[in-house]
Amino acid sequence: MIVQNDYLDLHKTAESGQCFRMRETAPGCFTLIAGSRLLHLRTLAPGKTEFLCPDEEFWQVWHRYFDLDTNYAFMEARVPASDTYLSAAVSFGRGIRILRQDPWEMFVTFILSQRRSIPAIKKSVETLCTRYGEQMHAADGETYYAFPTAEALSGICEQEFRDCAVGYRAPYLCEAASLAASGRLDLAAMAKASPAEWPDEAIVMTLECASGVGPKVANCVLLFGFHRIDAFPKDVWINRVIDTEYNGHFPVERYHGFAGVIQQYLFYYARNGQKK
DNA sequence: GGCCAGGGCAAAG
DNA sequence: CTTTGCCATGGC
(Lines give C-alpha, C1' and ligand atoms only; values in the text may rest on other atoms or scores of the structure.)
Protein backbone atom coordinates (compact mmCIF):
# COMPACT_ATOMS: atom_id res chain seq x y z
CA MET A 1 0.00 0.00 0.00
CA ILE A 2 1.34 3.40 -1.01
CA VAL A 3 0.16 6.52 0.79
CA GLN A 4 0.45 10.01 -0.66
CA ASN A 5 0.40 12.51 2.19
CA ASP A 6 2.69 15.49 2.77
CA TYR A 7 1.82 15.27 6.45
CA LEU A 8 3.35 11.82 6.86
CA ASP A 9 7.13 11.76 7.21
CA LEU A 10 8.57 8.54 8.64
CA HIS A 11 11.99 9.99 9.41
CA LYS A 12 10.61 12.92 11.39
CA THR A 13 8.05 10.76 13.17
CA ALA A 14 10.75 8.25 14.14
CA GLU A 15 13.05 11.05 15.36
CA SER A 16 10.35 12.92 17.26
CA GLY A 17 10.88 10.88 20.42
CA GLN A 18 7.43 9.36 20.86
CA CYS A 19 7.93 5.88 19.42
CA PHE A 20 11.10 4.23 20.68
CA ARG A 21 10.75 1.09 18.58
CA MET A 22 10.69 2.67 15.14
CA ARG A 23 14.13 2.47 13.57
CA GLU A 24 15.60 3.66 10.30
CA THR A 25 17.56 0.57 9.25
CA ALA A 26 18.78 2.13 6.00
CA PRO A 27 18.12 5.54 4.43
CA GLY A 28 14.36 5.66 3.89
CA CYS A 29 13.80 2.15 5.25
CA PHE A 30 12.03 1.72 8.57
CA THR A 31 11.14 -1.09 10.93
CA LEU A 32 8.42 -0.62 13.50
CA ILE A 33 7.38 -2.87 16.34
CA ALA A 34 4.09 -2.00 18.01
CA GLY A 35 3.09 -4.37 20.77
CA SER A 36 3.60 -7.73 19.09
CA ARG A 37 3.21 -6.46 15.53
CA LEU A 38 6.03 -5.91 13.09
CA LEU A 39 5.92 -3.58 10.11
CA HIS A 40 8.41 -2.54 7.45
CA LEU A 41 7.98 0.81 5.70
CA ARG A 42 9.76 2.85 3.07
CA THR A 43 9.85 6.47 2.07
CA LEU A 44 9.74 6.42 -1.75
CA ALA A 45 9.74 10.19 -2.18
CA PRO A 46 8.83 13.18 -0.01
CA GLY A 47 5.18 12.65 0.95
CA LYS A 48 5.12 9.18 -0.61
CA THR A 49 5.18 6.32 1.87
CA GLU A 50 5.00 2.60 1.27
CA PHE A 51 3.57 0.21 3.87
CA LEU A 52 4.98 -3.27 3.24
CA CYS A 53 1.99 -5.30 4.35
CA PRO A 54 -1.25 -6.67 2.93
CA ASP A 55 -3.85 -4.01 2.14
CA GLU A 56 -6.22 -5.57 4.64
CA GLU A 57 -3.66 -5.17 7.44
CA PHE A 58 -3.00 -1.59 6.43
CA TRP A 59 -6.67 -0.67 6.66
CA GLN A 60 -7.34 -2.67 9.83
CA VAL A 61 -4.24 -1.68 11.80
CA TRP A 62 -1.81 0.87 10.39
CA HIS A 63 -4.20 3.42 8.95
CA ARG A 64 -5.43 4.02 12.46
CA TYR A 65 -2.01 3.62 14.10
CA PHE A 66 -0.55 6.38 11.94
CA ASP A 67 -3.59 8.56 12.61
CA LEU A 68 -4.24 8.95 8.89
CA ASP A 69 -7.81 10.16 9.39
CA THR A 70 -6.66 13.29 11.19
CA ASN A 71 -6.11 16.48 9.23
CA TYR A 72 -2.83 18.02 10.35
CA ALA A 73 -3.05 20.86 7.82
CA PHE A 74 -5.96 22.27 9.78
CA MET A 75 -3.83 22.53 12.92
CA GLU A 76 -0.98 24.17 11.06
CA ALA A 77 -3.41 26.77 9.74
CA ARG A 78 -4.23 27.86 13.27
CA VAL A 79 -0.70 29.12 13.84
CA PRO A 80 -0.56 32.90 13.39
CA ALA A 81 2.17 34.26 11.13
CA SER A 82 3.11 36.63 13.93
CA ASP A 83 4.43 33.65 15.89
CA THR A 84 7.61 33.28 13.85
CA TYR A 85 9.18 30.68 16.10
CA LEU A 86 6.20 28.30 15.99
CA SER A 87 5.76 28.92 12.27
CA ALA A 88 9.34 27.83 11.73
CA ALA A 89 8.84 24.83 14.05
CA VAL A 90 5.73 23.67 12.18
CA SER A 91 7.41 24.08 8.83
CA PHE A 92 10.44 22.15 10.07
CA GLY A 93 8.40 19.36 11.65
CA ARG A 94 5.69 18.96 9.01
CA GLY A 95 5.14 15.23 8.60
CA ILE A 96 5.33 14.32 12.28
CA ARG A 97 2.25 12.42 13.36
CA ILE A 98 0.98 11.49 16.80
CA LEU A 99 0.95 7.70 16.62
CA ARG A 100 -1.77 5.69 18.33
CA GLN A 101 0.49 3.61 20.52
CA ASP A 102 -0.33 1.09 23.20
CA PRO A 103 -1.10 2.61 26.63
CA TRP A 104 0.83 -0.04 28.55
CA GLU A 105 3.86 0.42 26.32
CA MET A 106 3.75 4.16 26.80
CA PHE A 107 3.22 3.81 30.54
CA VAL A 108 6.36 1.72 30.96
CA THR A 109 8.41 3.64 28.41
CA PHE A 110 7.79 7.04 29.94
CA ILE A 111 8.37 5.76 33.46
CA LEU A 112 11.79 4.76 32.13
CA SER A 113 12.21 8.09 30.36
CA GLN A 114 12.62 10.40 33.29
CA ARG A 115 15.97 12.16 33.52
CA ARG A 116 17.44 10.30 30.55
CA SER A 117 18.26 11.02 26.92
CA ILE A 118 16.26 9.53 24.06
CA PRO A 119 19.08 7.16 22.96
CA ALA A 120 19.33 5.92 26.55
CA ILE A 121 15.57 5.34 26.72
CA LYS A 122 15.64 3.39 23.47
CA LYS A 123 18.40 1.20 24.81
CA SER A 124 16.63 0.21 28.01
CA VAL A 125 13.33 -0.35 26.20
CA GLU A 126 15.15 -2.77 23.91
CA THR A 127 16.75 -4.46 26.91
CA LEU A 128 13.34 -5.07 28.47
CA CYS A 129 11.96 -6.36 25.17
CA THR A 130 14.79 -8.79 24.46
CA ARG A 131 14.77 -10.14 28.00
CA TYR A 132 11.05 -10.32 28.70
CA GLY A 133 9.24 -9.90 25.38
CA GLU A 134 8.03 -12.73 23.23
CA GLN A 135 10.19 -13.72 20.28
CA MET A 136 8.94 -13.07 16.79
CA HIS A 137 10.51 -14.93 13.88
CA ALA A 138 10.01 -12.66 10.90
CA ALA A 139 9.97 -13.55 7.23
CA ASP A 140 13.27 -11.72 6.70
CA GLY A 141 15.02 -14.24 8.94
CA GLU A 142 15.61 -11.76 11.75
CA THR A 143 14.39 -12.27 15.29
CA TYR A 144 12.36 -9.46 16.79
CA TYR A 145 10.95 -9.08 20.28
CA ALA A 146 7.49 -7.93 21.24
CA PHE A 147 7.02 -5.43 24.02
CA PRO A 148 6.67 -7.42 27.28
CA THR A 149 3.16 -7.71 28.69
CA ALA A 150 2.25 -6.55 32.18
CA GLU A 151 1.93 -10.21 33.16
CA ALA A 152 5.45 -10.94 31.97
CA LEU A 153 6.89 -8.03 33.95
CA SER A 154 4.83 -8.58 37.09
CA GLY A 155 6.95 -11.56 38.05
CA ILE A 156 10.24 -9.65 37.95
CA CYS A 157 11.84 -8.49 41.19
CA GLU A 158 13.43 -5.12 41.76
CA GLN A 159 16.98 -6.39 41.64
CA GLU A 160 16.42 -8.02 38.27
CA PHE A 161 15.16 -4.73 36.88
CA ARG A 162 18.24 -3.02 38.28
CA ASP A 163 20.33 -5.51 36.32
CA CYS A 164 18.67 -4.02 33.23
CA ALA A 165 20.39 -0.75 34.14
CA VAL A 166 17.19 1.16 34.84
CA GLY A 167 18.68 2.53 38.06
CA TYR A 168 16.37 4.05 40.65
CA ARG A 169 13.37 3.45 38.37
CA ALA A 170 13.39 -0.29 39.18
CA PRO A 171 10.77 -0.07 41.96
CA TYR A 172 8.61 2.09 39.69
CA LEU A 173 8.58 -0.72 37.13
CA CYS A 174 7.64 -3.29 39.77
CA GLU A 175 4.68 -1.23 40.89
CA ALA A 176 3.57 -0.43 37.34
CA ALA A 177 3.58 -4.11 36.37
CA SER A 178 1.76 -5.10 39.51
CA LEU A 179 -0.92 -2.43 39.05
CA ALA A 180 -1.56 -3.34 35.42
CA ALA A 181 -1.37 -7.12 35.78
CA SER A 182 -3.72 -7.17 38.76
CA GLY A 183 -6.26 -5.01 36.94
CA ARG A 184 -6.16 -2.32 39.64
CA LEU A 185 -5.03 -0.09 36.83
CA ASP A 186 -7.12 -0.99 33.77
CA LEU A 187 -5.41 0.85 30.93
CA ALA A 188 -7.40 -0.98 28.25
CA ALA A 189 -10.71 0.09 29.79
CA MET A 190 -9.58 3.71 29.90
CA ALA A 191 -8.42 3.49 26.29
CA LYS A 192 -11.83 2.23 25.17
CA ALA A 193 -13.75 4.88 27.11
CA SER A 194 -14.95 8.15 25.63
CA PRO A 195 -13.55 11.48 26.87
CA ALA A 196 -16.91 12.02 28.58
CA GLU A 197 -16.48 8.85 30.64
CA TRP A 198 -12.78 9.39 31.25
CA PRO A 199 -11.77 13.06 30.88
CA ASP A 200 -8.10 13.87 30.33
CA GLU A 201 -7.69 15.14 33.88
CA ALA A 202 -9.17 11.95 35.33
CA ILE A 203 -6.77 9.78 33.36
CA VAL A 204 -3.82 11.92 34.47
CA MET A 205 -4.89 11.67 38.11
CA THR A 206 -5.30 7.90 37.85
CA LEU A 207 -1.91 7.42 36.21
CA GLU A 208 -0.25 9.62 38.82
CA CYS A 209 -1.32 7.17 41.52
CA ALA A 210 1.63 5.05 40.42
CA SER A 211 4.94 6.05 41.97
CA GLY A 212 7.39 7.55 39.54
CA VAL A 213 4.53 8.98 37.53
CA GLY A 214 4.07 12.75 37.73
CA PRO A 215 2.45 15.32 35.46
CA LYS A 216 5.01 15.04 32.68
CA VAL A 217 4.98 11.25 32.36
CA ALA A 218 1.20 11.08 32.77
CA ASN A 219 0.67 13.62 29.99
CA CYS A 220 3.01 11.72 27.67
CA VAL A 221 1.00 8.55 28.25
CA LEU A 222 -2.17 10.55 27.69
CA LEU A 223 -0.88 11.99 24.42
CA PHE A 224 0.87 8.99 22.90
CA GLY A 225 -0.95 6.08 24.55
CA PHE A 226 -4.53 7.36 24.71
CA HIS A 227 -4.33 9.71 21.74
CA ARG A 228 -5.73 12.60 23.76
CA ILE A 229 -4.04 15.11 21.50
CA ASP A 230 -4.93 18.09 23.67
CA ALA A 231 -2.35 16.90 26.22
CA PHE A 232 0.68 19.20 26.48
CA PRO A 233 3.57 17.48 28.29
CA LYS A 234 6.19 19.89 29.60
CA ASP A 235 9.73 18.54 29.68
CA VAL A 236 13.04 20.38 29.95
CA TRP A 237 13.07 21.20 26.22
CA ILE A 238 9.54 22.62 26.16
CA ASN A 239 10.14 24.59 29.34
CA ARG A 240 13.31 26.00 27.84
CA VAL A 241 11.48 27.09 24.68
CA ILE A 242 8.63 28.64 26.66
CA ASP A 243 11.20 30.44 28.77
CA THR A 244 13.44 31.75 26.01
CA GLU A 245 10.96 32.26 23.15
CA TYR A 246 7.68 33.02 24.91
CA ASN A 247 8.69 34.96 28.00
CA GLY A 248 7.56 32.15 30.26
CA HIS A 249 4.05 31.78 28.87
CA PHE A 250 2.95 29.82 25.82
CA PRO A 251 -0.66 30.39 24.60
CA VAL A 252 -1.84 26.75 24.77
CA GLU A 253 -5.50 27.88 24.86
CA ARG A 254 -5.20 29.02 21.29
CA TYR A 255 -4.59 25.41 20.25
CA HIS A 256 -7.31 23.86 22.34
CA GLY A 257 -8.15 20.39 21.08
CA PHE A 258 -4.76 19.67 19.49
CA ALA A 259 -2.15 21.30 21.72
CA GLY A 260 -0.21 18.04 21.86
CA VAL A 261 0.55 18.23 18.13
CA ILE A 262 1.87 21.77 18.57
CA GLN A 263 3.92 20.52 21.50
CA GLN A 264 5.53 17.90 19.26
CA TYR A 265 6.46 20.50 16.67
CA LEU A 266 8.06 22.65 19.38
CA PHE A 267 9.88 19.70 20.92
CA TYR A 268 11.22 18.41 17.61
CA TYR A 269 12.35 21.85 16.48
CA ALA A 270 14.03 22.62 19.79
CA ARG A 271 16.00 19.38 19.69
CA ASN A 272 16.78 19.06 15.98
CA GLY A 273 16.19 22.49 14.51
CA GLN A 274 19.69 23.90 14.33
CA LYS A 275 21.69 20.68 14.02
CA LYS A 276 23.65 19.52 10.98
C1' DG B 1 35.83 13.66 32.71
C1' DG B 2 32.13 16.67 33.33
C1' DC B 3 27.58 17.79 31.98
C1' DC B 4 22.98 16.84 30.93
C1' DA B 5 19.06 13.94 29.75
C1' DG B 6 11.11 13.86 27.21
C1' DG B 7 11.24 14.02 36.19
C1' DG B 8 9.56 12.76 40.57
C1' DC B 9 9.69 12.83 45.45
C1' DA B 10 10.30 14.22 50.11
C1' DA B 11 12.09 17.55 53.04
C1' DA B 12 12.50 22.24 53.95
C1' DG B 13 11.62 27.22 53.42
C1' DC C 1 2.43 26.94 47.65
C1' DT C 2 7.34 27.26 45.76
C1' DT C 3 12.38 25.79 46.12
C1' DT C 4 16.09 22.21 46.92
C1' DG C 5 18.87 17.91 47.02
C1' DC C 6 18.91 13.49 45.53
C1' DC C 7 18.21 9.60 42.70
C1' DA C 8 21.51 5.64 38.56
C1' DT C 9 23.14 5.49 34.21
C1' DG C 10 24.53 6.45 29.49
C1' DG C 11 25.55 9.51 25.52
C1' DC C 12 28.21 13.08 23.84
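This structure is a prediction, so every number in the text was calculated from the model and none was measured. Every chain is numbered from 1, with letters handed out A, B, ... down the list of sequences. Atoms considered below: every heavy atom in the structure, side chains included; atoms not considered: hydrogens, waters and symmetry mates.
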Using a cut-off of strictly less than 4.0 Å, decide whether A:Arg116 has a side-chain nitrogen or oxygen near OP1 or OP2 of C:dA8.
-> no

Looking across every strand, which nucleic acid part, if any, lies under 4.0 Å from [X] by heavy atom: base, sugar-phosphate, or nothing?
X: A:Gln264; value: base
X: A:Lys234; value: nothing
X: A:Phe224; value: base
X: A:Gly17; value: base
X: A:Thr109; value: nothing
X: A:Arg169; value: base

Are the ring centres of A:Phe110 and A:Phe224 closer than 6.0 Å?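 Yes, ring centres under 6.0 Å apart.
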
Measure from [atom1] on [X] to [atom2] on [N] and round the result to the nearest Å.
X: A:Arg115; N: B:dC4; atom1: CZ; atom2: P; answer: 9 Å
X: A:Phe107; N: B:dG8; atom1: CZ; atom2: P; answer: 12 Å
X: A:Trp237; N: B:dG7; atom1: CH2; atom2: P; answer: 10 Å
X: A:Asp235; N: B:dA5; atom1: CG; atom2: P; answer: 9 Å
X: A:Tyr172; N: B:dG7; atom1: OH; atom2: C1'; answer: 8 Å
X: A:Arg162; N: C:dG10; atom1: CZ; atom2: P; answer: 13 Å
X: A:Leu112; N: C:dG10; atom1: CG; atom2: P; answer: 13 Å
X: A:Lys123; N: B:dA5; atom1: NZ; atom2: C1'; answer: 15 Å

Note to self: One thing to verify: whether A:Lys122 and A:Glu126 come together as a salt bridge, which I'm taking to mean a side-chain N less than 4.0 angstrom from a carboxylate O.
What the structure shows: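 A:Lys122 and A:Glu126: not salt-bridged.
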
Nearest-angstrom distance, P atom, B:dG1 to C:dA8: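 Rounded to whole Å, the distance is 22 Å.
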
Look at the rings of [X] and [Y] and say which category their plane angle falls in: under 30° parallel, 30 to 60° tilted, over 60° perpendicular.
X: A:Phe267; Y: A:Trp237; result: perpendicular
X: A:Trp59; Y: A:His63; result: tilted
X: A:Tyr172; Y: A:Tyr168; result: perpendicular
X: A:Phe58; Y: A:Phe51; result: perpendicular

Between A:Pro119 and A:Gln114, whichever has its closest DNA chain C nucleotide further toward 5' is A:Gln114

Of A:Gly167 and A:Ser117, the one whose nearest nucleotide on DNA chain C sits closer to the 5' end is A:Gly167

| message | Suppose we call a contact any N or O donor and acceptor under 3.5 Å apart; does that hold for the side chain of A:Tyr168 and the base of B:dG8? | response |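 Looking at the base of B:dG8, it does not pair with any donor or acceptor on the side chain of A:Tyr168 (distance under 3.5 Å).
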
Which of B:dG7, B:dC9, C:dG10 is nearest the side chain of A:Ser211? It is B:dC9

C:dG11 -> Watson-Crick or G-U wobble partner, both distances under 3.5 Å, gives B:dC3

| query | Between A:Glu208 and A:Lys216, who's closer to the 5' end of DNA chain B by nearest nucleotide? | reply |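 First, find each residue's nearest nucleotide; the 5'-ward one identifies A:Lys216.
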
By nearest-nucleotide position on DNA chain B, the 5'-leaning member of A:Arg240 and A:Val217 is A:Arg240

